[in-house]
Amino acid sequence: MANTNVKGHTGLLSVYDTAAYKPIVCFTSTSMSSVLRLIEKVNYCTEGETIQSIDGIDRTVNFDAEVMTIGTPGDAVSYTELLALQEAEQTFKLEGRGSAQYFNAVISNLDDTFQAGEDATFSGTLTINGDISETDPKVTTP
C-alpha cells in the first residue's frame with residue numbers, strides 16, 4: 001500500500017448548535033496541541049534523583065479563518081456566532097485527523113483582523129475540558 005499525504009483542508013471543525021454540528025466557516029488552518037503536565041520531585045527519599053509523575057494533559061485547538069456572512073438558511077457558524085458562544089462551554093467535532101473527535105471546550109480566545117484591501121480574518125483557541133472521544137456525546141440511543 002502506498003503512502004499518501006493528508007490534505008490540510010480535511011481538518012474541519014464544527015460546533016454543536018441546538019440540533020446538529022455546524023462547521024465554522026472558511027478555515028485557513030487548524031492545529032491541535034496536546035501537552036503532558038508533569039510534576040517533578042526531588043527529596044531525600046529519592047536520594048536526590050528527580051522523579052516525574054503525570055498530572056494531566058492540556059489540549060487546545062487553534063484555528064484561523066475568514067470572516068464571512070452566512071446565507072439563509074445558515075449551514076455554518078460565523079465569527080459573530082462564535083463571539084456569542086464564547087461565554088459557555090460548547091461541544092465541538094474535529095474531523096480530518098483519523099476518526100472524528102468530539103470534545104467539550106471553551107472558546108478561550110478570539111481575535112479578528114480587518115485590514116484595508118484584504119479579506120477580514122479571525123483566529124481563535126479552544127481549550128478542551130476533559131477527554132476527547134470518538135463517540136458523539138449528542139447522539140441519543142433509544
Side-chain angles (χ1 to χ4, degrees), residues 1-43 45-46 48-142:
M1 182 199 287
N3 294 337
T4 58
N5 291 342
V6 175
K7 301 298 182 192
H9 69 272
T10 63
L12 182 64
L13 180 66
S14 302
V15 62
Y16 191 80
D17 184 26
T18 63
Y21 288 94
K22 293 173 73 174
I24 299 169
V25 297
C26 293
F27 278 118
T28 56
S29 69
T30 61
S31 65
M32 185 173 193
S33 173
S34 183
V35 178
L36 193 63
R37 283 192 319 272
L38 295 174
I39 297 174
E40 293 185 349
K41 305 184 200 186
V42 179
N43 58 38
C45 296
T46 66
E49 287 188 44
T50 302
I51 304 296
Q52 293 181 333
S53 60
I54 297 171
D55 185 41
I57 299 176
D58 294 324
R59 293 182 178 103
T60 58
V61 174
N62 296 302
F63 55 88
D64 297 303
E66 294 180 330
V67 176
M68 301 188 79
T69 59
I70 303 295
T72 304
D75 58 356
V77 175
S78 70
Y79 176 70
T80 305
E81 289 172 296
L82 286 176
L83 283 170
L85 294 174
Q86 193 172 18
E87 296 179 19
E89 184 175 87
Q90 307 298 322
T91 301
F92 291 88
K93 176 171 82 169
L94 184 61
E95 299 172 272
R97 291 166 166 83
S99 58
Q101 299 172 329
Y102 300 88
F103 53 87
N104 291 328
V106 292
I107 303 169
S108 52
N109 181 52
L110 280 174
D111 292 304
D112 65 26
T113 303
F114 284 70
Q115 184 173 331
E118 301 289 330
D119 289 337
T121 61
F122 69 96
S123 61
T125 301
L126 304 177
T127 300
I128 298 173
N129 294 326
D131 293 328
I132 297 173
S133 174
E134 291 182 5
T135 303
D136 184 352
K138 298 297 185 180
V139 171
T140 56
T141 53

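The structure presented is a predicted model; accordingly, all values stated were derived computationally and were not measured.
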Novice: Under the criterion side-chain contact (heavy atoms from CB on, under 4.5 Å), I'd like the reasoning laid out for Val106 against Leu126: C-alpha separation, chi angles, the key distance, then a yes or no.
Specialist: CA-CA 6 Å; Val106 292; Leu126 304 177; over 6 Å; no

Novice: Got a second to check how far Arg59's CZ is from Asn129's CG, nearest 0.5 Å?
Specialist: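 Here the interatomic distance stands at 11.5 Å.
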
Novice: Kindly write out the residues that satisfy salt bridge (charged side-chain N to carboxylate O under 4.0 Å, His left out) with Asp131, not counting sequence neighbours, or none if the list is empty.
Specialist: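 Per chain and number, Asp131 pairs via salt bridge (charged side-chain N to carboxylate O under 4.0 Å, His left out) with no residue.
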
Novice: Sequence neighbours left out, what passes side chain to side chain donor-acceptor pair (under 3.5 Å) with Thr113? Give chain and number order.
Specialist: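 So Thr113 forms no side chain to side chain donor-acceptor pair (under 3.5 Å) with any residue.
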
Novice: Could you please spell out the steps behind the side-chain contact (heavy atoms from CB on, under 4.5 Å) verdict for Asp64 and Thr121?
Specialist: CA-CA 7 Å; Asp64 297 303; Thr121 61; over 6 Å; no

Novice: Ser34 and Ile57: which non-hydrogen atoms are nearest, and at how many Å?
Specialist: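 Taking every non-hydrogen atom into account, OG-CG2, 3.3 Å.
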
Novice: Rounded to the nearest 0.5 Å, what separates atom OG1 in Thr60 from atom CD1 in Ile128?
Specialist: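 Here the rounded value is 7.0 Å.
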
Novice: By side chain to side chain donor-acceptor pair (under 3.5 Å), which residues pair with Asp119, not counting sequence neighbours?
Specialist: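 Scan of Asp119 (side chain to side chain donor-acceptor pair (under 3.5 Å), adjacent residues dropped) gives none.
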
Novice: I need the Ser78 OG to Ile24 CD1 distance, nearest 0.5 Å.
Specialist: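 Reported to 0.5 Å precision, the distance equals 10.0 Å.
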
Novice: At their closest point, which heavy atom of Pro23 faces which heavy atom of Ser14, and how far apart are they?
Specialist: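 Looking at all heavy atoms of both residues, the closest pair is CA-OG, 3.4 Å.
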
Novice: Measure from the side-chain N and O atoms of Gln90 to the backbone N and O of Leu85, and report whether any donor-acceptor pair falls under 3.5 Å.
Specialist: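 The answer is yes, because a donor-acceptor pair under 3.5 Å joins these two groups.
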
Novice: To the nearest 0.5 Å, what is the distance between CZ on Arg37 and CD1 on Ile54?
Specialist: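 Spacing of CZ (Arg37) from CD1 (Ile54) equals 11.0 Å.
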
Novice: Would you check if the side chain of Ser108 reaches a backbone N or O of Thr125 as a donor-acceptor pair within less than 3.5 Å?
Specialist: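 Present.
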
Novice: Closest heavy-atom contact between Ser31 and Arg97?
Specialist: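 Looks like CA-NH2, 3.7 Å.
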
Novice: What distance do Leu82 atom CG and Ile107 atom CD1 have between them, rounded to the nearest 0.5 Å?
Specialist: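 The CG atom of Leu82 sits 5.0 Å away from the CD1 atom of Ile107.
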
Novice: For Asp136 and Tyr16: C-alpha separation, side-chain torsions, deciding distance, then whether side-chain contact (heavy atoms from CB on, under 4.5 Å) applies.
Specialist: CA-CA 10 Å; Asp136 184 352; Tyr16 191 80; 5.6 Å; no

Novice: CE/Met32 to CZ/Phe63 distance, rounded to the nearest 0.5 angstrom?
Specialist: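 CZ of Phe63 is found 13.5 Å from CE of Met32.
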
Novice: Walk me through whether Phe27 and Leu13 qualify under side-chain contact (heavy atoms from CB on, under 4.5 Å).
Specialist: CA-CA 9 Å; Phe27 278 118; Leu13 180 66; 3.5 Å; yes

Novice: Over all heavy atoms of both residues, which pair between Asp111 and Tyr79 is shortest? Give the atoms and the distance, please.
Specialist: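 Reported closest heavy-atom pair: C-OH, 4.1 Å.
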
Novice: I need the minimum non-hydrogen distance between Lys22 and Val77, along with the two atoms involved.
Specialist: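 Looks like CB-CG2, 3.5 Å.
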
Novice: Between Tyr21 and Phe92, which heavy-atom pair has the shortest distance, and what is it?
Specialist: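 Shortest heavy-atom contact: CE2-C, 4.1 Å.
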
Novice: Could you tell me whether the side chain of Gln101 and the main chain of Leu94 form a donor-acceptor pair under 3.5 Å?
Specialist: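 No, the answer is negative, given that no donor and acceptor are paired below the 3.5 Å cut-off.
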
